[in-house]
Structure formats: structure tokens, C-alpha cells
Amino acid sequence: LPFVKYVQLMMAAGGNPDRDHFNDPLNNDSLTDYNFSRLIEACRNITKQGLIPHLKIGNVPLKYTTNPQISKSFGVNLLPPDSYETWHAYVTALGEALVKEFGRRNVKTWRFGVLTEYENKDWFSVEDNPEKTKTAYFKLYDYAVDALQNSIDKEVFVGGHSMTVSEGLWDEREFISHCATGKNFCTGKKGTRLCFLSSSYYDFMPGKPAEKSLAECISILREHAEKEGFKDLIYGVDEGRILQGTDRKDLEPRAIGNTWQAAYDAKMFKTLLDNNIDYFSQWEYTSRGLWGGVPSVSLHTANLFYMLAGNTRIVTENTISEKSPVPDDIKNTDCIAAIDERKGKLYLLFYAYSDSVFEKGKRTVTCNIEGLNKNIRHAIITRTLVSDDTNFFDEWEQDQKRQGITDADFGWSKSSFVVGIPTLKKRHHIDYFRSREPFYARCAELKPQTSSIPIETGYATLSFEIPIHGVVLYEIENVL
């Protein structure tokens, strides 16, 4: 997973007995019996992979609230602390423990957020009252940021994650205004440190988009932040993609296993580039989650897209010919292009998206390339295609029928590419899938093909067919 840089822990500071960092999480007589060993171990597992932790620390430990209220959705304390000074001391101790273990220089590179979806009443709420909840969150954020600045560094990287794609209990833009000009509840000064803003983004189902587009979600945050004077914030998506599968059940990894997901992801990557969005957090990549198992088409597409990273983007023009019978086909067949100017290597990543998961067929693409080296007549070209032929999921669907595995055997959507508990209910079904993993892995292998392309006076034409839902990367060598 070379494209992964940060690993997000969404409830890193507690909110229930399993996550609260104390020797005795339910003993209210002792509020400072801190024990951050499990968080440290989790961060050690991240950093030893060469990755950077992104810690959400907003959920309040149970014993800091007299009568904690547990969220039915997320199983964490919904309420603010009785004492924000006690909360401040807890976050300070957390920051000090991380610095002691990993060093101040390293922890300064980490990212910290205060709560997941701060205006979502299922994560944080005071009597479901917008004003009370908003004020409580401002206090929670201000005291947490000051504690992080005191324990880690004044320049600690910290920000907020809102829903934005759907309406929250209160307007997320008020948080931005508070950070810009509001009275800091902890210091009494104006404003609070803010380094990034992120949104959730979920489409309802494959082919059924959310009411707000991904670009609109980030635009809402960016426009208000810039209006308030924040000019250099990082913008991203802290969770998202698709809520339900084609069977209308929740998706366990928030993505489907069908090849349709490849084109969806490629289209999403182009949206990120077109709208200057810095990152998109995804849940899982293989049939076992992150490591092991069989790679998904999401993993393949992310890896192909990553091959363009660090190079200069070339803006492409997408034209519709008069003969095109379905303009939407052309609109949804697009390209992300980049050039490695040091090696003279050109990358062209095409996708053929359709709203329908079940649409079949192919689309014909003609790509005219100009400005190449006029002194060369041929160039080596490598083609890597993500399609049903490089996806295990269609074979897995056929095996389900042969084994008599029905919709009722799935706890989550059968469209989920993660195969195990809780996706499947019965152990012997999971064991069957695991017994077939070597076969599925062969089905999921990418098969790069190398050939040559003629070049005439700096001009080349690339014509090919791409399966609907397919993603294909062309690498053209030494063309500058």
C-alpha cells in the first residue's frame, strides 16, 4: 500500500471502558490513573510501517462525565466532561506520553483531530440541543488544542472533521468562524489553532449519489475558511465512499467488490485533483481488510493512480464526436495524465464509468498526443488493465451460487469485498472462501502488457477499447 501515508484512529482518546486510557476506567475516585500503553502500541504499529498517525481525541472518558450517555450508533460517550480542566490534564498527559515514547520531532509530524464528525449528534450531543452542543464542542476543542500545544508543540497539526455531506445538529461553518475570531474558552484569547478541515463523503448506493457532491462538500468548507482568513489549510475526506451495496445492506468496507468500484474510484481521484483536495481516507483494501487476503479492484486502482504521484499533471481535453450516440458515455470516459519530466515518461490513466453496476460492454477511446520528441519513431508502451479479468469478485459470486450461499447468509452487504465476520454469518462459508484464496489471488493478478506505439513528428494516436467499469494505465517511455 505505497499510497498510504497516514493511518487514522477514530476514537483514540476513549469514550468507553475499552478505549479509556486508565488503569481502572470505571473508578470515578481516581481521575489521573492514566495508562496510554495501548495507544502507544497502536501508534508503534503504525510508525514501524513508515506511516504517520492521525489521532481523533474528542470522545470523553466515561468517568469524566457524571452520567455518561452512550451513543447507540458508535458505543461511545456522547457528553462533554464535567470539568474541562480535567479533560485538559488528560489530553496533556496523552501528548506527553506520546512525546516521551516517540520524540517531540516525530510527534510534531502527526495529525490530531478533535472528534469524528463534530456536528453529528450520534458522536457528540448535549440534549440534542444545537446551541448547547456547539458551545460544548468549542470548549472541548479549545481545551484539547491548548493541551496538545503545551505537551507537544505550539505548531501541532490539529483540525476538525465534519459531516458536511449531510446535515448535522448545527452548522459546521460556525466552528470555522470560532477558530478564526471567537473567544477561546481555554485561553481567553481570540481564535484557536486550525490546520486542516475534513469532511465525510458517502454516496447512498452504487449509481445513487449523495445530495452534495464531493467537490461541493469541500467547497463549502474551503469557501467559508478563506472568508474567515484561513488561506493555507489542508482539505480532505476522513471517511467515506458508499454506504450500501446493491442489496441495500450496509457495506462493511464502504466499497463494493464488483469491478464498477474501479471506475468509481478513478473518477473520484480525478475529482480530488480537479478540486485541489489533499486526501481521501478509505477503510479497507483486501478481502481480509488491510493486509493478507485477496486484493480488491480498489487496491489495484489506487496503486495505478499512485504511479502518477510526484509527476507533472497534464490537463486533458475530452471531446465528443458528432457520431457519439450517447454523450454521457464520453463524459464518463475520462483520463488523468502526467509526465515524468526527468525520464520523459508519459502516464495516461483512463476509466470508463457508468452509474449502473450491471452494465456490460466496451467503449472505444481515441487519444491524440502532441508535443512528443520529434526525433523518435516508436516508443515502448505498457498497458495495465483493471477489469473483470483482474478481479476475484465475479468468481466469488459464482462460487456463492454453487455453494448455496444466499443473501440471508450475509450479515452486511453481499457486495462487500471484505469476506469474513461480520460480512458472512457462518464460519464454514468463511472457511470455504479462505480455502479458495490462492485461486482468487490468481484471478486478481494484474497483467501488464508491453508493446510499441508509432510516433510521427512528435504526434501519436492511441486507439483502444476499454470495458465499461474498467480502468487502464498506459505508460509510454522516453517520449520527451
Side-chain angles (χ1 to χ4, degrees), residues 1-25 31-61 64 76 81 85-116 118 140-161 186 192-198 232-234 236 238-239 278-285 289-291 309:
L1 312 177
F3 51 86
V4 175
K5 186 174 182 180
Y6 295 90
V7 175
Q8 180 187 162
L9 304 182
M10 295 178 67
M11 293 180 277
N16 61 40
D18 293 329
R19 296 180 180 272
D20 291 349
H21 299 296
F22 302 100
N23 291 322
D24 190 349
L31 302 181
T32 59
D33 57 325
Y34 310 129
N35 184 345
F36 298 105
S37 58
R38 288 178 301 162
L39 178 61
I40 287 171
E41 180 65 17
C43 293
R44 188 181 295 121
N45 287 337
I46 294 169
T47 58
K48 74 181 182 182
Q49 305 294 334
L51 304 173
I52 303 172
H54 177 163
L55 307 183
K56 299 287 183 62
I57 62 167
N59 302 107
V60 176
Y64 285 175
V76 292
E85 286 75 17
T86 301
W87 164 249
H88 185 278
Y90 179 69
V91 178
T92 299
L94 184 152
E96 290 173 345
L98 295 177
V99 168
K100 181 179 179 181
E101 177 68 26
F102 299 98
R104 194 176 307 277
R105 176 182 292 182
N106 288 326
V107 180
K108 279 177 63 176
T109 68
W110 297 11
R111 292 181 176 178
F112 294 86
V114 181
L115 275 182
T116 295
Y118 54 74
L140 192 78
Y141 184 86
D142 292 349
Y143 276 85
V145 171
D146 187 72
L148 292 172
Q149 288 182 304
N150 290 343
S151 58
I152 298 173
D153 191 86
K154 289 294 181 184
E155 302 298 312
V156 65
F157 194 94
V158 64
H161 166 198
C186 181
T192 312
R193 183 167 176 78
L194 180 66
C195 305
F196 77 90
L197 290 168
S198 64
D232 299 309
L233 300 185
I234 296 293
D238 270 5
E239 59 172 283
D278 295 286
Y279 67 91
F280 195 110
S281 302
Q282 298 186 17
W283 292 95
E284 294 163 307
Y285 294 100
L290 287 178
W291 289 279

**Student:** Starting at CG of N23, measure out to CG of N35 and round the result to the nearest 0.5 Å.
**Tutor:** 4.5 Å

**Student:** Does the side chain of V158 reach to within under 4.5 Å of the side chain of Y141, using non-hydrogen atoms?
**Tutor:** yes

**Student:** How long is the gap from CG on L233 to CG on D278, to the nearest 0.5 Å?
**Tutor:** 10.0 Å

**Student:** Between Y279 and F196, is the ring centroid distance below 6.0 Å?
**Tutor:** no

**Student:** Between W87 (side chain only) and V60 (backbone N and O only), is there a donor and an acceptor less than 3.5 Å apart?
**Tutor:** no

**Student:** Among all residues two or more places apart in sequence or in another chain, which pass the side chain to side chain donor-acceptor pair (under 3.5 Å) test with D142?
**Tutor:** H178, T192

**Student:** Which atom pair, heavy atoms only, marks the closest approach of L290 to E284?
**Tutor:** CD2-CA, 4.3 Å

**Student:** Which pairs, with at least one residue in residues 86-106 and sequence neighbours excluded, count as a salt bridge (charged side-chain N to carboxylate O under 4.0 Å, His left out)?
**Tutor:** R44-E101

**Student:** Using 0.5 Å steps for rounding, measure from the CZ atom of R111 to the CD1 atom of I234.
**Tutor:** 5.5 Å

**Student:** List the atom of G160, the atom of Y118, and the distance in Å for their closest heavy-atom pair.
**Tutor:** C-CE2, 3.9 Å

**Student:** Between Y90 and Y143, is there a side-chain heavy-atom distance shorter than 4.5 Å?
**Tutor:** no

**Student:** Going by heavy atoms in the side chains, are V4 and Q49 under 4.5 Å from each other?
**Tutor:** no

**Student:** Identify every side-chain donor-acceptor pair in residues 8-18 under 3.5 Å, counting partners at least two apart or on other chains, and give the distances.
**Tutor:**
unit_1, atom_1, unit_2, atom_2, d
Q8, OE1, K56, NZ, 2.7
Q8, NE2, D238, O, 2.9
N16, OD1, D18, N, 3.1
N16, OD1, R19, N, 3.0
N16, ND2, G75, O, 3.0

**Student:** Grab the two heavy atoms, one from F22 and one from P61, that are nearest each other, plus how far apart they are.
**Tutor:** CE1-CB, 3.6 Å

**Student:** Mind checking the CZ-CG spacing from R38 to D20? Nearest 0.5 Å is all I need.
**Tutor:** 8.0 Å

**Student:** Kindly give the heavy-atom pair with the smallest separation between A144 and V91, and that separation in Å.
**Tutor:** O-CG1, 3.8 Å

**Student:** Which residues satisfy the side chain to side chain contact (heavy atoms under 4.5 Å, CB included) test with T86, sequence neighbours excluded?
**Tutor:** L31, Y64, S83

**Student:** Taking side chain to side chain donor-acceptor pair (under 3.5 Å) as the test, write out the residues that go with E239, two or more places apart.
**Tutor:** Y202

**Student:** Any idea which heavy atoms bring H161 and L115 closest together, and the distance?
**Tutor:** CB-O, 4.1 Å

**Student:** Less than 4.5 Å apart, any side-chain heavy atom of I40 and any of F102?
**Tutor:** yes

**Student:** Please round to the nearest 0.5 Å and tell me the distance separating atom CZ of F3 and atom OH of Y285.
**Tutor:** 4.5 Å

**Student:** Is any side-chain heavy atom of W110 closer than 4.5 Å to a side-chain heavy atom of L148?
**Tutor:** no

**Student:** Does some side-chain heavy atom of P53 sit less than 4.5 Å from a side-chain heavy atom of T47?
**Tutor:** yes

**Student:** With a 4.5 Å cut-off on side-chain heavy atoms, are K5 and I52 touching?
**Tutor:** yes

**Student:** So, using side chain to side chain contact (heavy atoms under 4.5 Å, CB included) as the criterion, who are the partners of K48 when residues are at least two apart?
**Tutor:** N45

**Student:** When rounded to the nearest 0.5 angstrom, what is the spacing between CZ in F112 and CG in L55?
**Tutor:** 5.0 Å

